[in-house]
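Each chain gets a letter, A, B and so on, in the order its sequence line appears, and its residues count up from 1.
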Amino acid sequence: MAEKKHNEYEREPVPAEAHKGFRAFIGMYAGEHCAGTELMIGPLFVAAGVSAFDVVFGLLLGNLLAVLSWMFLCAPIAVRARLTLYCQLEKICGRHLVTLYNLANGVMFCFLAGSMITVSATALGVWFNFPMPGLNDLLPNSMGWVLAVLAVGAMISVVAAWGYNTVAKVANIAAPWMVLVFLAFGIIGLRQFIEVTGSEAGLWELCKTAIWKGGDPLPGQVKFTFWHVTFFAWFCNMAMHVGMSDLSVFRFARKSWHGLASASGMYVGHFMAWLAASILYALQIHLDPSNTDVLPGPMAYRAAGVTGLICVIVAGWTTANPTIYRAGLAFQAIMPNKSRFAVTIGTGLLATLAGMFPAIAMRLLGFVALYGLLLMPMGAVIFTDFWIFPKLGILPYYAERRGLKINWAAGTAWIATLAVCVGLVKSGNPMFQLYFVALPGWFIASGIYIVLSKLIQRKEAV
Amino acid sequence: MKKICMILSFAALAAVVIAPLVFFGGQVSLDTTKVILNAATAVWFVAALCWMGREKKAEN
């Protein structure tokens, strides 16, 4: 099934008979965004010293902005063009630039999958009791950890290469259960907080004084304010909405407002699950301030026993599986002569190696921000090409029209935008921290693309 | 059989939420809650396999 369906309409617009209604996307988004990453991100908010108001209202606003980005930036183009992201990019940017995009995306997918292997491996640490990495560890700290990651990663890789469909079925079954287990984490954590603090002052007071206390972040962590939380929630899936990766999803939507379905993922996963996971970590620190390790396995086990451990393993696995598969697809586009099986295995092993180094998992907030930033310029290029170029009298789909392998205007916009954004981050100006810089970056990418396209096309006309 | 599995699986999902809520209300201990969660998890995965036969849509 998977091979054929993965290839369906990959090089042509999705026909009307294949369009889907709103409900088709709700479960997909809820399941995809309530996953292994949530078990790391929630606790890392606490480590970043968020306050209760900042985290709750920052997430409400940031997730709303993400949903609106899907609804008004990504979905409208998706339902009109009805093409995959790669097809759309190739028409605009040319095959060689798409290859570069695939490479960048594949590498980032690898590292993301690696961090999910890390998450699953922490569950093994509970059973086999080997030392696991701390919050500020960048390197593996025990042979037991290395072996656990190797075992988990190898299993995930083989299954991703051989039995994608089977794990996809398991993920389908696990998704509703996993969402409710996350909810259970939060409810149990709250009750435990009430018991250990003896608080009778009310839930919000408990949140402000014991759970999300604000103040200084833990050593080595960036302090998160309301705007950090807001922008993180907005941009953590930037690659998908502003970056237009979900063109590939919403090309099947009947109407562009079906982008609203992303709210199921945002408010189930990026609100409820993040808060629930953060409650568990806050409780851990409250009970032992010296125990700052962000290890989903032990946290989940303390709250929900074996069910919690199974949730951690399944959450990490069901996130890593499609991620490794996608990375494999991206790399195979660069190496079309290699079998998908071999490329997926190789990708999985690369992800496993990455997973041994806790740096990515422990710095997941920054990694996710970087991931979105890396791919954002191409989303700006797609948006500009589709909506703005016709209004300015500039030809869209330039690479396709001229048979180009590289649209230099798009490529330069991508690289130059990243260079400018790196410069802005390195300037040290708090307004241009990694979590915020993608916003001005989008406009910079769009502006560069317009100017260069105009120059190139005018020169050609002369 | 399929209908029984559906009923059992939804009951299991309900237990995953209800048990922690009862714990939150102070009616049961954490250990009891964990036992209920474990049982509910086992029931869900076994029962859901009987009727959730649709394949997950391949992600792009």
Side-chain angles (χ1 to χ4, degrees), chain A residues 1-8 10 20 24 27-28 31-32 84-86 164-177 179-181 183-192 194-195 245-249 251-252 301-308 310-311 318 322-323 325-326 329, chain B:
Chain A
M1 180 281 287
E3 287 287 336
K4 195 165 191 294
K5 281 210 172 166
H6 279 299
N7 290 332
E8 271 188 359
E10 280 186 357
K20 296 184 176 66
M28 193 206 98
E32 181 164 333
T84 65
L85 164 73
Y86 300 114
Y164 177 89
N165 288 339
T166 304
V167 178
K169 277 186 211 175
V170 171
N172 217 20
I173 292 171
W177 165 83
V179 168
L180 294 180
V181 173
L183 183 60
F185 286 156
I187 296 170
I188 292 170
L190 274 177
R191 173 65 200 186
Q192 289 180 305
I194 292 170
E195 284 177 0
S245 179
D246 274 2
L247 288 179
S248 302
V249 173
R251 64 195 175 113
F252 287 99
Y301 185 68
R302 276 192 294 271
V306 172
T307 294
I310 295 172
C311 181
T318 56
T323 308
Y325 190 84
R326 282 171 180 157
L329 286 178
Chain B
M1 179 66 179
K2 189 173 168 181
K3 206 161 190 175
I4 294 173
C5 287
M6 281 178 76
I7 293 170
L8 279 175
S9 53
F10 285 122
L13 281 189
V16 170
V17 180
I18 292 171
L21 285 172
V22 176
F23 168 68
F24 188 89
Q27 305 303 311
V28 295
S29 69
L30 183 59
D31 285 341
T32 304
T33 305
K34 288 177 183 177
V35 169
I36 297 172
L37 285 175
N38 293 343
T41 295
V43 169
W44 164 256
F45 277 101
V46 171
L49 272 170
C50 296
W51 64 272
M52 283 183 80
R54 290 188 302 269
E55 289 167 357
K56 183 176 178 173
K57 290 286 180 198
E59 295 177 16
N60 284 311

TODO: Could you go through the side-chain contact (heavy atoms from CB on, under 4.5 Å) check for A:Ile187 and B:Phe23 one step at a time?
DONE: CA-CA 8 Å; A:Ile187 296 170; B:Phe23 168 68; 5.9 Å; no
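With a threshold of 4.5 angstrom between heavy atoms, A:Ala174 approaches chain B through its backbone and through its side chain. Within the 4.5 angstrom heavy-atom criterion, no atom of A:Leu85 approaches chain B. When heavy atoms are compared at a cutoff of 4.5 Å, A:Leu183 approaches chain B solely by way of its side chain, counted from C-beta outward. Contact of B:Leu30 with chain A is made through the side chain alone, with heavy-atom distances under 4.5 Å.
Nearest heavy atoms, B:Val28 versus B:Ala19: CG2-O, 4.4 Å.
Applying the side-chain hydrogen bond (donor to acceptor under 3.5 Å, both in side chains) test to residues at least two apart or on different chains, the pairs with a partner in residues 3-30 of chain B are B:Ser9-B:Trp51, B:Ser29-B:Thr32.
Remark: B:Thr33 pairs with no residue by the side-chain hydrogen bond (donor to acceptor under 3.5 Å, both in side chains) rule, at least two apart or across chains.
In terms of heavy-atom pairs under 4.5 angstrom with chain B, the leader among A:Val306, A:Asp246, A:Val181, A:Leu190 is A:Val306. The candidate from A:Gly186, A:Cys311, A:Gly305 with the greatest count of non-hydrogen atom pairs under 4.5 Å with chain B is A:Gly305.
The number of heavy atoms from other shown groups lying within 6.0 Å of OH (A:Tyr301) does not exceed 12.
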